[in-house]
Q: 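The structure that follows is given in the form of structure tokens.
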Amino acid sequence: MTTRHKALAAGTCIEGFTIQSVVGTGGFGITYEALDESLGRQVALKEYYPLDIAHRDDDGVALSANAPR
């Protein structure tokens with residue numbers, strides 16, 4: 001797994017999904033194991049996070065665009 005990604009922390013809740021762990025990373029994003037709170041079951045949750053154009057902010061949650069090169 002690449003260390004260039006700054007993944008969401010376990011326990012982060014987004015739109016009814018609770019992040020549990022990172023399954024994998026790639027050039028376009030991160031795949032998490034998460035709990036779908038409404039269904040009460042495990043799901044794969046994908047976050048679009050293109051490394052060439054985005055970075056995670058210091059708050060550990062938000063993504064921002066990189067400065068043009």
Side-chain angles (χ1 to χ4, degrees):
M1 182 181 324
T2 181
T3 58
R4 292 173 48 200
H5 284 95
K6 187 174 179 186
L8 295 169
T12 300
C13 295
I14 297 178
E15 302 281 331
F17 297 91
T18 302
I19 303 295
Q20 296 183 321
S21 64
V22 174
V23 175
T25 63
F28 288 99
I30 304 173
T31 303
Y32 300 94
E33 178 180 357
L35 176 65
D36 181 330
E37 299 292 347
S38 66
L39 297 176
R41 67 180 185 187
Q42 301 299 114
V43 296
L45 183 68
K46 293 192 171 201
E47 177 184 29
Y48 181 60
Y49 184 166
L51 289 174
D52 290 343
I53 62 171
H55 65 275
R56 177 109 33 226
D57 292 343
D58 291 337
D59 68 2
V61 177
L63 293 179
S64 292
N66 292 335
R69 295 181 189 177

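Predicted model, so just to flag it, every value in this text is computed and none were measured.
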Q: Write down the atom of V23, the atom of Y32, and the distance for their closest heavy-atom approach.
A: CG2-C, 3.8 Å
Q: Are V22 and F17 connected in a single hydrophobic cluster, I mean Ile/Leu/Val/Met/Phe/Trp/Tyr linked by side-chain heavy atoms less than 4.5 Å apart?
A: yes
Q: Would you compute the distance between atom CG of D52 and atom CZ of F28 and round it to the nearest 0.5 angstrom?
A: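 Atom-to-atom, D52:CG and F28:CZ are 7.5 Å apart.
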Q: Atom CD of E47 and atom OG1 of T12: how far apart are they, to the nearest 0.5 Å?
A: 9.5 Å
Q: Which value, rounded to the nearest 0.5 Å, describes the distance between Q42 atom CD and T18 atom OG1?
A: 10.0 Å
Q: Start with the C-alpha distance between I30 and R56, add both sets of side-chain angles, then the distance that settles side chain to side chain contact (heavy atoms under 4.5 Å, CB included), and finish with yes or no.
A: CA-CA 12 Å; I30 304 173; R56 177 109 33 226; 4.1 Å; yes
Q: Looking only at heavy atoms, which two atoms of L51 and N66 are closest? And how far apart?
A: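 Looking at all heavy atoms of both residues, the shortest contact is O-ND2, 3.5 Å.
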Q: Distance check, rounded to the nearest 0.5 Å: L45 atom CG versus I14 atom CD1?
A: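 Between L45 CG and I14 CD1, I get 7.0 Å after rounding to 0.5 Å.
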Q: At what distance, to the nearest 0.5 angstrom, does OG1 of T31 lie from NZ of K46?
A: 4.5 Å
Q: For residues 57-64, please give each side-chain donor-acceptor pair under 3.5 Å, one per line with the distance, not counting sequence neighbours.
A:
residue: D57; atom: OD1; partner: S64; partner atom: OG; Å: 2.7
residue: D57; atom: OD2; partner: S64; partner atom: OG; Å: 2.9
residue: D59; atom: OD1; partner: V61; partner atom: N; Å: 2.7
residue: D59; atom: OD1; partner: A62; partner atom: N; Å: 2.9

